Amino acid sequence: MSRAREVEDAPAHAERLRSLGPEMPVRWLKPSRVLGIERYSDFESFRPSEVLGGGISTPLEPREFSLHRAILPLQDGLFVLQRTFARRLQANIRTDHGVGLVIPLACHFTANGREIDNSMIGIVRGKVPTEAVEHHANTYLMLRFNSDMRHRGWADYETGLEFTRLSGDTMAGLRAAILDMFCLASRCNDPRQFEAIDRPIQERLLAGLDAALAPVDAQDRRRGSFDKHRKLVARLDEAATLSGGIPLYSGDLANALGVSVRTLQSATQAVHGVSLHHHLRLKRLWSTRTQLLTGGNGMTVKAAALANGFWHMGEFSKLYKTTFGEMPSGTLAQARDFADDSPHL
């Protein structure tokens with residue numbers, strides 16, 4: 001089957017996975033240029049995901065060990081869908097920046113002495129020592145947004161791990177958006193195409209999380225000047241794209257757009273929940289990742305980094321791994337693994 005046909009069939013594939021039950025999806029996903037897949041069949045080779053910090057796992061049933069993990073880096077954050085194993089986990093769950101969430105697909109465990117069931121999502125800010133026990137395999141999404149999401153009214157505290165119970169309909173909507181997103185990523189081999197098709201699905205996910213986490217008054221305040229800010233950020237993004245690898249300075253961008261630097265700062269904070277500097281850096285990182293995935297056999301990490309204004313390779317590699325959960329060389333290797341697949345519709 002062609003990649004084009006597979007992308008067209010992604011919604012039907014997601015529906016089939018949902019019908020199989022929430023514990024099934026991860027093992028049915030296939031890797032692509034967009035989606036990374038990790039499978040572990042023995043504990044000795046197991047490596048934890050660092051999307052929400054690291055930890056020490058002790059398997060409760062070592063002979064029945066198995067873990068499946070799907071890794072989806074996005075411009076707005078890092079999404080990791082995984083089916084775990086029975087274990088005791090000691091971890092410092094953390095988000096060095098942004099905000100982290102755990103959304104269950106099929107879950108039941110204890111965290112810091114509290115029983116967590118399938119109707120609850122976890123929200124973490126800062127660094128939180130955590131002891132968890134999973135008596136059986138669980139399936140859940142761990143995600144870290146680059147923004148702290150305070151502009152959306154989520155989780156109004158500085159540091160902590162809190163759990164919120166959702167209604168059945170709200171949770172079902174979140175799970176449907178998650179499965180649609182990962183099924184599309186599994187069947188799409190062009191990152192630019194994926195970004196365009198996936199954006200409405202991400203908006204569904206954000207709308208569901210807004211309904212669950214943001215107070216009504218915060219949602220009302222956000223609607224007030226959001227449209228004006230959104231249009232300004234769209235103009236800013238266009239100017240940043242046209243600049244290529246030329247260094248971007250806030251004063252020059254403000255002059256080109258006919259606004260003050262403070263107005264630009266307010267707009268990026270209102271729309272994305274990050275500073276102007278952080279927003280522009282994320283744009284350059286995402287552009288670098290896209291080039292690594294689509295640049296062909298002649299592409300190198302250094303060439304892609306320099307083309308997007310990153311001059312210090314050590315700092316760039318560290319920043320890239322923190323943002324996308326993998327080294328830039330890993331992205332390039334993943335692209336070459338799928339070099340023979342057609343990337344276009």
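The first residue of the sequence shown is numbered 1, and numbering continues consecutively from there. Keep in mind that this is a model prediction, so the values were computed, not measured. Just so it is clear, the values below take in all heavy atoms, side chains as well, and ignore hydrogens, waters and symmetry mates.
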Checking T110 side chain against G113 main chain: does a donor-acceptor pair fall under 3.5 Å? no
Got a sec, which residues hit salt bridge (charged side-chain N to carboxylate O under 4.0 Å, His left out) with R87, two or more places apart in sequence or on another chain? E134
Show me the pairs that pass salt bridge (charged side-chain N to carboxylate O under 4.0 Å, His left out) and involve residues 293-305, at least two apart or across chains. none
Taking L166's backbone N and O only, do any of them form a donor-acceptor pair with S119's side chain (distance below 3.5 Å, no angle check)? no
Donor-acceptor pair, side chain of N146 and main chain of Q75, under 3.5 angstrom: yes
Cut-off 3.5 Å, side chains only: do R88 and T58 have a donor facing an acceptor? no
Could you tell me which residues satisfy ring-ring contact (aromatic ring centres under 6.0 Å, His included) with F324, sequence neighbours excluded, listed by chain and number? W286, Y320
With R165, which residues qualify under salt bridge (charged side-chain N to carboxylate O under 4.0 Å, His left out), at least two apart? D117
Approximate separation, where rounding is to 0.5 Å, of H135 NE2 and L60 CG: 7.0 Å
Rounded to the nearest 0.5 Å, what's the gap from CZ on R144 to CE on M142? Could you check? 11.0 Å
My understanding is that only residues two or more places apart in sequence, or in another chain, count here; which of them pass side chain to side chain donor-acceptor pair (under 3.5 Å) with T263? S260
I71 CD1 to F182 CZ distance, which is reported to the nearest 0.5 Å: 9.5 Å
Report yes if the distance between the aromatic ring centroids of W154 and F145 is under 6.0 Å, otherwise no. yes
Give a yes or no on this: more than 12 heavy atoms of other residues, nucleotides or ligands lie within 6.0 Å of atom CD of E238. no
Is I103 linked to L74 within one hydrophobic cluster, defined over Ile, Leu, Val, Met, Phe, Trp and Tyr using a side-chain heavy-atom separation of less than 4.5 Å? yes
Using the side chain to side chain donor-acceptor pair (under 3.5 Å) criterion, which residues pair with R199? Sequence neighbours excluded. D76
Inter-residue atom distance S186.OG - L179.CG, 0.5 Å rounding: 12.0 Å
Is it the case that the side chain of R284 and the backbone of G309 share a donor-acceptor pair, with hydrogens and angles ignored and the cut-off at 3.5 Å? yes
Linked hydrophobic residues, L293 as query - side chain contacts closer than 4.5 Å: none
Side-chain donor or acceptor of D198 paired with backbone N/O of F194 under 3.5 Å: no
Y157 backbone acceptor or donor facing R125 side chain under 3.5 Å: yes
If you take all heavy atoms of A155 and I123, which pair is closest and at what distance? CB-CG2, 3.7 Å
In this structure, NE2 of H312 is separated from CG of L319 (nearest 0.5 Å) by 12.5 Å
Results of side chain to side chain donor-acceptor pair (under 3.5 Å) for T290 - residues two or more places apart only: none
Under the ring-ring contact (aromatic ring centres under 6.0 Å, His included) test, which residues partner H272, sequence neighbours left out? H279
Is the closest side-chain donor-acceptor distance between S275 and Q265 under 3.5 Å? no
If only side-chain N and O atoms count, and only distance matters, is there a donor-acceptor pair under 3.5 Å linking S287 with N308? yes
Salt-bridge criterion met for D180 and R204 (N-O under 4.0 Å): yes
Looking at E162 and R114, is any side-chain nitrogen of the basic one under 4.0 Å from a carboxylate oxygen of the acidic one? no
Taking only residues two or more places apart in sequence, or in another chain, which ones meet R230 in a salt bridge (charged side-chain N to carboxylate O under 4.0 Å, His left out)? D227
Check residues 45-54 and write down every donor-acceptor pair under 3.5 Å in which the side-chain atom is one partner and the other belongs to a residue at least two apart or another chain.
| from | atom 1 | to | atom 2 | distance (Å) |
| --- | --- | --- | --- | --- |
| S45 | OG | D42 | O | 3.1 |
| S45 | OG | D42 | OD1 | 3.3 |
| S45 | OG | D42 | OD2 | 3.3 |
| R47 | NH1 | E44 | O | 3.4 |
| S49 | OG | V51 | N | 3.3 |

Got a second to check how far M171's CE is from L105's CG, nearest 0.5 Å? 9.0 Å
Hits for salt bridge (charged side-chain N to carboxylate O under 4.0 Å, His left out) against E38, two or more places apart or cross-chain, chain-then-number order -> R69
Between V99 and V124, which heavy-atom pair has the shortest distance, and what is it? CG2-O, 3.4 Å
I'd like to know if the side chain of N189 reaches the main chain of S32, judged simply by a donor and an acceptor atom lying under 3.5 Å from each other, with no hydrogens or angles considered. no
Look at the side chain of N112 and the backbone N and O of E131, then say whether any donor-acceptor pair between them is shorter than 3.5 Å. yes
